[in-house]
Amino acid sequence: RAAPTSTLTIGTPKLTDDKGAIWMTPKTQLTLAADDAKGVGVREIFIEVKGARAPSVYQTPITLDGLADGPYQIITHAVDQLGNAESTKTQEIHLDATAPKTSLVIGSPQSQVDGVTAVYISSQTPLSFTAATDRNDLDHIEYRINDVAWQPAEDIVLPTEGNYTIYFRSYDTLGNV
């Protein structure tokens, strides 16, 4: 008798880079299924994250929450009711849960008073945003002023004097913020 065949499905967010590496976040679901087309039926499916999680019987979709960024090997195989075991399958993945590092760049003129967190600027002071990611996969930067809705980042100046709070954030291609 032939052994069953298992299939690993990697949910979203997920991307494949130009070198064929699969990137995902620790919250991306991993789902297994097995088929024993002409056999006696699947008894169990096993999953292991090499070096991080011991082999266990798969029951429901899993995530890799709690694991550090980096490469991992997902090892799977299925066993039928007679004990025929599929050869193990290995899928390499890369975890990325690191948000982009985002900065507000304040041009001139500007002034900051010792002991005060506020920066004083004029309506002529240019403001811009920069962001970087470990994998060079920046998707977009957003900002908002006070309680106005988030909008795509662009170079701005504040039109009038007043107190402003500028919020900003960046997303990478996996949705890390």
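As the structure is a prediction and not an experimental result, all values here were calculated from the model.
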Does the side chain of [Y] come within less than 4.5 Å of [X]'s, by heavy atoms?
| X | Y | value |
| --- | --- | --- |
| I10 | L30 | yes |
| T63 | P26 | no |
| N176 | T98 | no |
| H140 | P152 | no |
| P126 | D155 | no |
| I45 | H77 | no |
| D17 | D137 | no |
| T5 | K89 | yes |

Under 3.5 Å: donor-acceptor pair, side chain of [X], backbone of [Y]:
| X | Y | answer |
| --- | --- | --- |
| T125 | P109 | yes |
| T90 | I75 | no |
| E86 | S6 | yes |

Inter-residue atom distance [X].[atom1] - [Y].[atom2], 0.5 Å rounding:
| X | Y | atom1 | atom2 | answer |
| --- | --- | --- | --- | --- |
| E154 | S128 | CD | OG | 11.5 Å |
| L174 | T12 | CG | OG1 | 10.5 Å |
| L127 | I145 | CG | CD1 | 7.5 Å |
| S108 | I121 | OG | CD1 | 11.0 Å |
| Y58 | I47 | OH | CD1 | 7.5 Å |
| I106 | Y120 | CD1 | OH | 12.5 Å |

**Request:** Please check if any side-chain donor atom of Q151 sits under 3.5 Å from a side-chain acceptor atom of Y143, or the reverse.
**Result:** yes

**Prompt:** Using a distance-only test with no angle check, is there a side-chain donor-acceptor pair under 3.5 angstrom linking T133 and D172?
**Reply:** no

Give the cluster check for [X] versus [Y]: same hydrophobic cluster or not, with ILVMFWY residues linked at side-chain heavy-atom distances below 4.5 Å.
| X | Y | value |
| --- | --- | --- |
| M24 | L15 | no |
| V42 | L82 | no |
| Y72 | W23 | no |
| V119 | L158 | yes |
| L95 | L8 | yes |

Which pair of non-hydrogen atoms, one from [X] and one from [Y], has the smallest distance, and what is that distance?
| X | Y | value |
| --- | --- | --- |
| A149 | R144 | O-CB, 3.7 Å |
| Q112 | T117 | NE2-O, 3.8 Å |
| N146 | Y167 | O-CE1, 3.3 Å |
| Y164 | P159 | OH-CD, 4.4 Å |
| G41 | D36 | N-OD2, 2.9 Å |
| E48 | P55 | OE1-CG, 3.5 Å |

**Item:** side chain to side chain contact (heavy atoms under 4.5 Å, CB included) assessment of I74 paired with L64
**Value:** CA-CA 10 Å; I74 310 298; L64 301 181; 4.1 Å; yes

**Within 6.0 angstrom of N136 CG, more than 12 heavy atoms from elsewhere** = no

**Request:** Step by step, work out the side chain to side chain contact (heavy atoms under 4.5 Å, CB included) result for D80 and R43.
**Result:** CA-CA 5 Å; D80 71 12; R43 181 175 70 206; 5.9 Å; no

**Message:** Among residues at least two apart in sequence or on other chains, which ones pass side chain to side chain donor-acceptor pair (under 3.5 Å) with T76?
**Reply:**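 For T76, no residue satisfies side chain to side chain donor-acceptor pair (under 3.5 Å) once neighbours in sequence are set aside.
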
**Check against side chain to side chain contact (heavy atoms under 4.5 Å, CB included), S123 and T160** = CA-CA 6 Å; S123 61; T160 60; over 6 Å; no

**Message:** Against D96, only a single residue in R135, K14, K27 fulfils salt bridge (charged side-chain N to carboxylate O under 4.0 Å, His left out); can you say which?
**Reply:** R135

**Asked** Where do V105 and F129 land on the side chain to side chain contact (heavy atoms under 4.5 Å, CB included) test, with the steps shown first?
**Response** CA-CA 6 Å; V105 179; F129 305 90; over 6 Å; no

